[in-house]
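Reading through the structure tokens given below for one structure.
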Amino acid sequence: MRAYEDWVIEAEHRGLKISEVVYQSEMENLQQSEQELFQRMSKNLKVMRESVAAGLSGERRSLSGLVGGDAAKVEFRRKTGVSLVGDQISGVIARALAVAEVNACMGKIVAAPTAGSCGVIPAVLLTVEETLKVSEQELLLALFTAAGLGMIIAERANVSGAEGGCQAEIGSAAAMAAAAAVELAGGTPRQTADAAAIAMKSMLGLVCDPVGGLVEVPCVKRNATGATIALAAAEMALSGVRSAIPIDEVIDAMGEIGQQMPCTLKETAQGGLATTPTGRRIRADFL
Amino acid sequence: MSRSNVFDLIGPIMVGPSSSHTAGAVRLGGMARKILGEEPVQGTISLHGSFAKTGKGHGTNLALIAGLLGMQPDDERIPEAIEMAKERGQNFSFRIADLGDVHPNTVKFELLGKTGCHTQVVGSSIGGGAIVIREINDFQVEIRGNYPTIVILHQDLPGLVAQVTLLLATAQTNIARMLVSREKRGAQALMVLETDEKIEDAVLALMRRLPKIYQVLAIEPLE
């Protein structure tokens, strides 16, 4: 079983970024050239940008009618300059809501790592892009860092709400986004590991309790809160704050917690928010 | 989970909201279309388990029909699939069914093609957009759509498997996986072969000329 720590050590040893270690290893795994890998990742980044833009326009509604238009509200407030939390945080919230809304409304998104958690990574990366003016190439590299960590999570635990609850979806996305944000901001490979660990620790135990079994409530808003956790974790790691528990052990703990989580709280809509009086009423009204 | 690659974690590009209930459903429809081997004109689609319970909110119905119309999981026309089928005069109906002890996300297609072919296909969406076809015309199979696949309906008799694999060997086609099943000894049997290389039409034609082979179906891998 692979460990993220192995990549950190290799990157430190060879003076590379995590993303470089990841794509070099994937060239062999997939038998594809560097150019092919970057072209494929570039398509993903393009769709991420399109889904942010589509969601911010706020025109679509989901099949149930519960979701749509909230990203536009946050973006409007941000644009008026009265945001309580400042431009970066309100920006990441608006973008994460945007992509998650597009997903709920049957629009085109990039699963990252899943469809239900598709808002976190684009929101964080595009917000860092706006803040630090990083290049397209750096963004693509950061996506390899995120994906590399995702592979480790998928191998050691899982990235599926049905198997591990929301911590496995939004939790994994937040960890992946945090690692990518640190690399984009010029942090060290070690700091990507710390950021990922801090982000995932913050979401351990989060259950998957979707109302009506739909990827809408609470999934869309959890994308936004997950994205802010990713930025907070990145900020701590970049300041030199260490995670007491290393990332691979955090991932293992997440997997274990997922196993211990009852089935009623793993995407089956049989517990939690799904079975609140309002959750039941929404389900009955729609289905 | 088995070893993945970066594009399993950042990707696929798809129309939401759910990799299993939407993207996987498009792929199931697509496989059913490939197995039918022609444009479907009519069909009954039976939804089981979670597909039946939460399918509506996930656009599973739209996604299954989009697949039957030949769309990919990233096709932005998926939300209009039912309208498109109606416009083309294709008539699909849905029902809720208990398909037995199967994966919660399982669907059964009973399809009629434009030249009158009938096919019955059962498949499951097993997570992350991955699918598996479990049954074709009441025969148990296991087709994941990762490889070029041939499905051969034949009579159960000695030596037939060897003749088929000899044709593949001669064409330098490597078999990745193979599954044989039969109704009972000496009755109708089914062979499913997944190969590394695309199977040439000439090889398929030779297979169809072998004695006691009733049907040879070549299914291209999903994109």
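Computation of the quantities below employed the complete heavy-atom set of this structure, encompassing side-chain atoms and omitting hydrogens, waters and symmetry-equivalent molecules. Quick note on labels: first sequence line is chain A, next is B, and so on, each numbered from 1.
Note: A:G107 leads A:S64, A:C105, A:G107 in heavy-atom pairs under 4.5 Å with chain B. Counting heavy-atom pairs closer than 4.5 Å to chain A, the top residue among B:G16, B:G59, B:A63, B:P12 is B:G16.
When heavy atoms are compared at a cutoff of 4.5 Å, A:M176 approaches chain B solely by way of its side chain, counted from C-beta outward. If you measure heavy-atom distances from A:V102 to chain B, you find no contacts under 4.5 Å at all. For A:L37, the parts lying near chain B are the backbone and the side chain together; criterion is any non-hydrogen pair under 4.5 Å. Contacts of B:S18 with chain A are made by both backbone and side-chain atoms, with heavy-atom separations under 4.5 Å. Only the side chain of A:L30 comes within contact range of chain B, with heavy atoms under 4.5 Å apart.
Under a 3.5 Å cut-off, the side chain of A:D6 and the backbone N or O of A:R2 do not form any donor-acceptor pair. B:D74 places no side-chain N or O within donor-acceptor distance of the main-chain N or O of B:V15, the cut-off being under 3.5 Å.
A salt bridge links A:D209 with A:R222; the closest basic N to acidic carboxylate O contact falls under 4.0 Å. One finds no salt bridge joining A:R40 and A:E26 here, because no Lys/Arg side-chain nitrogen approaches an Asp/Glu carboxylate oxygen to under 4.0 Å.
The two residues A:S51 and A:M48 make their nearest non-hydrogen contact at OG-O, 2.8 Å.
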Quiz item: Yes or no on side chain to side chain contact (heavy atoms under 4.5 Å, CB included) for B:K53 and B:L47, after CA distance, side-chain angles and deciding distance?
Solution: CA-CA 9 Å; B:K53 289 199 187 90; B:L47 302 172; over 6 Å; no
